Amino acid sequence: MAMRVLTLMLFTLLIPFYTVFAQSYNAAIDVQHYDFSLDLTDSNNIIHGQAAITLQFKENTPDFTIDLARRNEEGKGMTVITVKEGNKPLHFTQNNQQLIIHTPGAPGQQHTYTIRYEGIPADGLIISANKFGHRGFFGDNWPNRAHNWLPCVDHPSDKASVSFNITAPDHYTVVANGSLKAEQQLPGHRKLTQWVESEPLSPKVMVIGVAEFAVDHPGDAMGVPVWNYVYKENKDLGFKSYSYALDILPFYITHIGPYPFEKCGNVQSKTRFGGLENASAIFYYENSVSSPGVESLMAHEIAHQWFGDAATETQWRYLWLSEGFATYMTLCYLENKYGVDTLKSSLRADRQKVIAYEKQRFTAVVDTTIKDDYMKLLNPNSYEKGGWVLHMLRRAIGDEAFWKGISTYYATYRNKNASSADFEKIMESVSGKDLHAFFDQWLNTPGHPKLTISYKYDPDKKTLLIDFTQQGDHLFTFPLEYSLDGSLQHVDIHDKTTHLELPFPEKPAGLVVDPGVNTLMDYEIK
């Protein structure tokens, strides 16, 4: 998900420091709902929080853990004050990254526990001045930094509905996931704002934004309310830039399926990423409102509402199901609006990024080597190569089956979690083809095809001789298009060398490899 600073259609990763949290899936519990109440002030950066967490036990356990970063030596982190079930205080302990609640549970039991805590967030909630010098509060949870300010199971596989009750000075506007339920004026120039998200979310896309926003509702797109939140100083420019959402949403709704959330919110923010796909409240970097690439950036983040937010990867290793999908859906949107040449030029650029990245880090798209620092997954394998896999799949099974598969996958795993194997099964079902070798080759095998192509013409036999030779030890299997004097030809590559002898009336003026830009490969012609 989700580090993006857009330059034209290229994503440049600027990876800042953050605390690595080697957190694993919580097998004992399944959270059903979070109800967060936060008190914010202008006088300091301390947040006072209360989290009512409704969960269901999945196994017998004498205690269970909730992820929450404890106060550190620098004075940042959360200190738990009390844990209760109803009015009953419970025994608890804290370590550096987790809260352990010492109460038993049995399979099927559902309980609600209330945690009171306070502290200065070490990460996850950005409290600082924006580029105009105005204070604000911006959630920035990806990948697993929510537990720095919210008690939660900080893993993409544990999804729950969420509500935020934010008490803050009344000069702020508050935006969060879901629908705005209430705003209540309080004494002392303070205000309570309540947002409720009824769809289950991973903590990585739960969010609040608290700032002096200008707010615009430019309209609805196929029934989806679009709301834009920008700094007041960027009001006119921001409202105009973020209006692209009205064009983007209908394409995705038509091709993928119903929009999954209550609104499409677009928020100018202090996110450290180019864009962060928080569900129904997407955050964009501060200067996005003046970026020439804002349409592509918005298309990417809005695509995440379907893929990453609603249909979510089971494990971080399957991040391509989020980032690869958002990358390719963006290209499909741009192809639809601006033509196929836009798609081709973007794919060429993405191909070069993949090839260059493999020289730095030779790993598969599904990278099982990264165990904790998930920021390392924000790379061209997850984004551009993941997008290329979808493009080659589309060409392999055809447009009709591809889009039917995409919409079926979304409908099947909306509000759920999926792996690469789950997506593979869906695409095999709709296409009627065995795609296991395709997925295994492009997702689980490092590298890409590298071809040396040589050809010569025999004028006596009026025959063109072509050799396609794969470089390297691993042999890929793939179809390849090439053009001879404008005549499109096809060849299946699978051996070390594929030799062709083609009848041709005269020496061709030239050979063009992959004119349709449909194969992820590197080649040279000799």
Side-chain angles (χ1 to χ4, degrees), residues 31-40 49-54 112 125 136-139 141 146 150 152 159-168 170 172-186 191-211 213-230 239 242-243 245-246 248-250 252-253 256-269 276-284 298 301-306 308-312 410 414-416:
V31 178
Q32 305 297 304
H33 181 73
Y34 296 100
D35 183 44
F36 295 118
S37 297
L38 299 171
D39 191 291
L40 311 176
Q50 178 174 291
I53 303 177
T54 301
T112 298
L125 182 66
F137 306 76
F138 293 96
N141 292 347
L150 299 174
C152 61
K159 304 174 75 171
S161 55
V162 62
S163 53
F164 283 101
N165 311 287
I166 308 300
T167 300
D170 62 7
Y172 291 121
T173 296
V174 178
V175 62
N177 310 105
S179 298
L180 178 63
K181 293 303 181 183
E183 288 184 300
Q184 178 184 350
Q185 190 66 37
L186 302 175
K191 181 175 63 176
L192 171 63
T193 306
Q194 296 176 301
W195 287 86
V196 176
E197 175 55 73
S198 59
E199 304 296 330
L201 305 179
S202 300
K204 65 174 184 169
V205 292
M206 296 178 182
V207 78
I208 63 169
V210 182
F213 290 119
V215 183
D216 182 38
H217 174 50
D220 293 359
M222 297 183 71
V224 179
V226 175
W227 289 88
N228 299 325
Y229 300 78
V230 303
F239 288 169
Y242 288 173
S243 67
L246 294 171
I248 296 166
L249 284 163
Y252 291 151
I253 292 170
I256 302 169
Y259 183 77
F261 304 115
E262 294 87 342
K263 70 177 184 303
C264 178
N266 303 287
V267 185
Q268 186 180 14
S269 77
L276 186 54
E277 62 267 21
N278 308 302
S280 78
I282 303 166
F283 281 12
Y284 304 95
M298 293 186 70
E301 302 307 329
I302 291 173
H304 271 308
Q305 304 301 292
W306 283 264
D309 292 6
T312 308
Y410 168 67
R414 179 179 176 178
N415 296 336
K416 300 176 184 177

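For reference, positions follow the sequence shown, starting with 1. Since the structure is predicted, the reported quantities are computational estimates derived from the model, not experimental observations.
Phe213 and Phe138 have perpendicular rings, their planes meeting at more than 60° on a 0 to 90° scale where under 30° would count as parallel. Between Tyr259 and Phe261, the ring-plane angle classifies as perpendicular under the 30° and 60° cut-offs.
Listed for the Asp216 side chain is no donor-acceptor partner under 3.5 Å among the backbone atoms of Phe239. Without hydrogens or angle criteria, Lys191 side chain to Ile166 main chain gives no donor-acceptor distance under 3.5 Å. Put simply, the side chain of Asn266 never gets that close to the backbone of Tyr229: no donor and acceptor are under 3.5 Å apart.
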- Task: Output, in order, the C-alpha distance, side-chain angles, deciding distance and verdict of ring pair (Phe, Tyr, Trp, His ring centres under 6.0 Å) for Phe137 and Tyr172.
- Result: CA-CA 10 Å; Phe137 306 76; Tyr172 291 121; 5.8 Å; yes
- Item | Test log, rule side chain to side chain contact (heavy atoms under 4.5 Å, CB included), inputs Asn177 and Trp195 | CA-CA 7 Å; Asn177 310 105; Trp195 287 86; over 6 Å; no
- Query: Would Tyr284 and Tyr242 satisfy ring pair (Phe, Tyr, Trp, His ring centres under 6.0 Å), going step by step from the backbone distance to the final call?
  - Reply: CA-CA 10 Å; Tyr284 304 95; Tyr242 288 173; 5.2 Å; yes
- Message: Run Thr54 and Thr112 through side chain to side chain donor-acceptor pair (under 3.5 Å) and show every step you take.
- Response: CA-CA 4 Å; Thr54 301; Thr112 298; 2.8 Å; yes
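Lys263 contributes atom NZ, which lies 9.5 Å from atom CD of Gln305 (distance to the nearest 0.5 angstrom). For the atom pair Glu197 CD and Glu199 CD, the distance stands at 6.0 Å (nearest 0.5 Å). A distance of 5.0 Å separates CD1 in Ile253 from CE in Met222, rounded to the nearest 0.5 Å. We find the CG-OG distance between Asn141 and Ser202 to be 11.0 Å, quoted to the nearest 0.5 Å. Interatomic distance, OG1 of Thr193 versus CG of Asp170, reported as 10.0 Å (0.5 Å rounding). Rounded to the nearest 0.5 angstrom, Asn228 CG and Ser243 OG are separated by 7.5 Å.
Between Thr312 and Lys416, the side chains place no donor N or O within less than 3.5 Å of an acceptor N or O (distance only, hydrogens not considered). Side chains of Ser163 and Asp35: a donor-acceptor N/O pair is present below 3.5 angstrom, by distance only. In the model, Gln32 has no side-chain atom that pairs as donor or acceptor with a side-chain atom of Ser161 under 3.5 Å.
Tyr252 is linked by a side chain to side chain donor-acceptor pair (under 3.5 Å) to nothing, counting only residues two or more places apart in sequence or in another chain.
Under the 6.0 Å cut-off for aromatic ring centres, Phe164 and Tyr34 do not qualify, their centroids lying 6.0 Å or more apart.
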